[in-house]
There are 2 protein chains.
Amino acid sequence: MRPTVNDIAREAGVSLATVDRVLNARPGVREKTVKAVNDAIARLGYVRDLSAANLARSRSYRLAVLLPDTESQFIQSLAAALVEAGQAAATSRTELRLLRFPAEDPHALAALLGSLADRDYAGVALMAPETPVVRDAVRALRARGLPVVALVSDLPNADHFIGIDNRAAGRTAGVLMGRFLGGGPGQVMVLGQSLLARDMIERRRGFDEVMLRDFPGLEVLQSLETHGSPATLRQVVVEMLANAPRIRGIYAMGGGNRSLTQVLAETGLSGKLTVICHELTPHVRQALTTGEIAAVITQNLGHLARSTLRVLRAKADRQPLDAAQEQIRIEIVLRENLPVLPLPSAIDPLA
Amino acid sequence: MRPTVNDIAREAGVSLATVDRVLNARPGVREKTVKAVNDAIARLGYVRDLSAANLARSRSYRLAVLLPDTESQFIQSLAAALVEAGQAAATSRTELRLLRFPAEDPHALAALLGSLADRDYAGVALMAPETPVVRDAVRALRARGLPVVALVSDLPNADHFIGIDNRAAGRTAGVLMGRFLGGGPGQVMVLGQSLLARDMIERRRGFDEVMLRDFPGLEVLQSLETHGSPATLRQVVVEMLANAPRIRGIYAMGGGNRSLTQVLAETGLSGKLTVICHELTPHVRQALTTGEIAAVITQNLGHLARSTLRVLRAKADRQPLDAAQEQIRIEIVLRENLPVLPLPSAIDPLA
DNA sequence: TGAAATCTGAGGTACGCACCTCAAAAATGC
DNA sequence: GCATTTTTGAGGTGCGTACCTCAGATTTCA
């Protein structure tokens, strides 16, 4: 049998109450006694039983995840992954509430953040661009002891960031583009939703780093801004294709993948250009299999979602996290290593 | 407050004992009553508290993981990942025992497997090539109700396989090789430890599929067998390099990466050939950063280890698994998306 | 309708730990 | 040495579920 707290008490020659004080770092125990208890713990190889501890604490975690109300495939997939992770975590006294806020309204978001403090949440995860009001709202929440983690897009004053290193992601796109195009010659088009967004800036920087250093034969054109609008995307892409006849590759830094493949299809360029984009949404999967898209840089949303819950719980308990497990990988997906779609798992509520 | 079993009993108008019988699928309850209870569960949105359930069951899991005693970097990394996952799982009544067996002795392995049945293990994970004696030993274990999962290398009669699809991995290597070499012309050398091992056969098949279909300009040479011996590797590689002057790429299907880079360095070919190999070991990391290796196809060993524990526990409890979470991805690692090495996490035994 | 079989209720204990109280013991300051 | 403070012990309760027993209620079948 594994040792219990009673075994420690006996081994250390102290009472259960003292062991408890040591284990839970409560005050009122002499250094010497603390050491005696810790020695006993080490001798017996005691490991706290988390199930029992959580039960006794009757601790539960109400977590909020705030996503913009954008209806992009990426956000939808992310939301779905979060909901699924939330269902799985329900058996562990964890309740996840998915809240949406108007994408373009930082003040609404700040107000929402402010309202969270009162409703005894144990932690908040947030995917939003950084603006001064948001920064202040995050600071206020943290001051109240609520952990706040940034999701997908980093917020410098959050407790933690869950997502990929966008500069490295840009570099990865760069190597793939460079090598797939054999180092040149040719031109590469770069598309982004908003060139002011932190993520886009970092991806572009990483991409440029590699292209300049390793593939000088390829000319990387100025970033085109789509503002998340299919019409704008279509216009700028068509225009650029007309002006730059040596374009052989397109790096889509974020969003608008559906519109992009559509425009390429219409202009008869499907499969003729090397297209590298981000995020493995359903449509991108499809385009990968047909060869319209050559490679995708992505992050595993299931992992991202589960990691979010784990990190929030750890932060709420002020426990350390397993850095290796929580690191979100920059995944490269080609047609050949496209992960098979597992059937939507039927979560058994009694399991 | 979340509903408990008592709430269900009240809501369904039955006693606690009946709710318990329904929840744990014990006999002696009429269809009609079962339905009443399930309806109450649905109405209240009851979710079983796993912490309490595990505690009450006082269930614990002693798991065995059997690895060959090979001292390759891959096995060492895998063992380390398993040990770490085992430590983290200790708080959840899970004890992992890492057992090694002589790599080339199927009978010793079979004997070891046979001896496990008596020592109340809850499950067994096994990384071994399939041989008739092993197959029989696995069957015997399963007949005794012990779940057996195959690790890294598939065993057709195991309960589950944890690892990557090697054929898809080979295809992935193929696309990368083909695209990195611009489709040809040239020759590609292929190296493998043992050409009889199931994994190697599948990787080669996947690689050939893609090369033949998409890159006919590249000639894929016959596989060279290294038998895990640096000397043999050196010999066959040097010989092949002499005989096939148009070699531009090397696909190392498994093992021997250290020796390979060494031979290339000695022959002045470092960085001049496109080398694609498997498994991100410390040495391979190094070779990636220097450019000696262009790309690595790998599987996340941390994930593999944690997945092993989760799957074994689920199998031991006859519970369904989350296919999406347990799917091991085929990861492509280039210098630019090399995951940063997290510091070896200090596992807090009290956490 | 009666006996047998089946179903249900009431109540209990146990799991390992957290957290509480109050009194007793030990250490400390003066 | 005494009062004061600090440390320790003994004992308790509760977390939500699993699993057990035994008596009483209900249904089934002859």
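What's counted below: heavy atoms across the whole structure, side chains too, no hydrogens, waters or symmetry copies. Sequence lines set the chain letters: A, B, ... in the order given, protein chains first and strands last, and positions in each chain run from 1. On a predicted model such as this, the values are computed, not experimentally measured, just so you know.
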- May I ask you to check if A/Arg59 and A/Tyr61 form a cation-pi contact, with NZ or CZ under 6.0 angstrom from the six-membered ring centre and within 45° of the axis? yes
- Overall bend of the helix from C/dT8-D/dA23 to C/dC30-D/dG1 (five pairs an end, 10° steps) is 30°
- Using a cut-off of 4.0 Å on non-hydrogen atoms, how would the nucleic acid contact of B/Asp20 be classed: base, sugar-phosphate, or nothing? base
- Message: Quick test of your reading of the model: are B/Asp39 and B/Lys35 salt-bridged, counting only N-O distances below 4.0 Å?
- Response: yes
- Task: Measure the distance from CG on B/Leu55 to P on C/dG16 and round it to the nearest whole Å.
- Result: 7 Å
Scan nucleotides 23-30 of chain C against the protein and return all N/O pairs shorter than 3.5 Å with their distances rounded to 0.1 Å.
none

- Message: Nearest to the side chain of B/Ala56, heavy atoms from C-beta on, is which of C/dA18, C/dG16, D/dT17?
- Response: D/dT17
- Within this structure, what is the NZ-to-C1' distance between B/Lys35 and C/dT8, rounded to whole angstrom? 19 Å
- Could you verify whether a donor N or O on one side chain and an acceptor N or O on the other, from A/Arg48 and B/Thr91, lie under 3.5 Å apart? no
- Query: With a non-hydrogen cut-off below 4.0 angstrom, is A/Arg59 in contact with a base, only sugar-phosphate, or nothing?
  - Reply: nothing
- Message: Distance check needed: C/dC17 C1' versus A/Asn6 CG, whole Å only.
- Response: 10 Å
- Item | Close side-chain approach of A/Phe161 to A/Val152, heavy-atom, < 4.5 Å | no
- Message: In the structure I gave you, are the side-chain heavy atoms of A/Glu95 and A/Leu63 within less than 4.5 Å of one another anywhere?
- Response: no
Which pairs, protein N/O on one side and nucleotides 9-12 of chain D N/O on the other, fall under 3.5 Å?
unit_1: D/dG9; atom_1: OP2; unit_2: A/Ser15; atom_2: N; d: 2.8
unit_1: D/dG9; atom_1: OP2; unit_2: A/Ser15; atom_2: OG; d: 3.2
unit_1: D/dG9; atom_1: OP2; unit_2: A/Thr18; atom_2: OG1; d: 2.6
unit_1: D/dG9; atom_1: O6; unit_2: A/Arg21; atom_2: NH2; d: 3.0

- In whole angstroms, the gap separating P of D/dA18 from OH of B/Tyr46 amounts to 6 Å
- Query: Do A/Val47 and B/Arg93 come close enough that some side-chain heavy atom pair is under 4.5 Å?
  - Reply: no
- Residues forming a side-chain hydrogen bond (donor to acceptor under 3.5 Å, both in side chains) with B/Gln325, sequence neighbours excluded: none
- Distance-only donor-acceptor check, side chains A/Ser307 and A/Glu326, under 3.5 Å: yes
- Can you tell me the distance, in whole Å, between the CG atom of A/Asn54 and the P atom of C/dC17? 12 Å
- Message: Can you measure A/Arg57 atom CZ to C/dG16 atom C1' for me and round it to whole angstrom units?
- Response: 12 Å
Report all side-chain donor-acceptor pairs from residues 120-128 of chain A shorter than 3.5 Å, counting only partners two or more places apart or in another chain.
none

- Query: Taking only residues two or more places apart in sequence, or in another chain, which ones meet A/Gln76 in a side-chain hydrogen bond (donor to acceptor under 3.5 Å, both in side chains)?
  - Reply: A/Glu71
- Note on the structure: Rounding to 0.5 Å, atoms CG (A/Asp69) and CG (A/Leu99) come to a distance of 12.0 Å
- Query: Within the pair A/Arg26 and C/dA18, is there a side-chain N or O less than 4.0 Å away from OP1 or OP2?
  - Reply: no
- May I have the distance from B/Ile8 (atom CD1) to C/dG9 (atom C1'), rounded to whole angstrom? 17 Å
- Query: CG/A/Leu151 to CG/A/Leu67 distance, rounded to the nearest 0.5 angstrom?
  - Reply: 7.0 Å
- Task: For B/Leu50 and C/dG16, give me the distance from atom CG to atom P, rounded to whole Å.
- Result: 17 Å
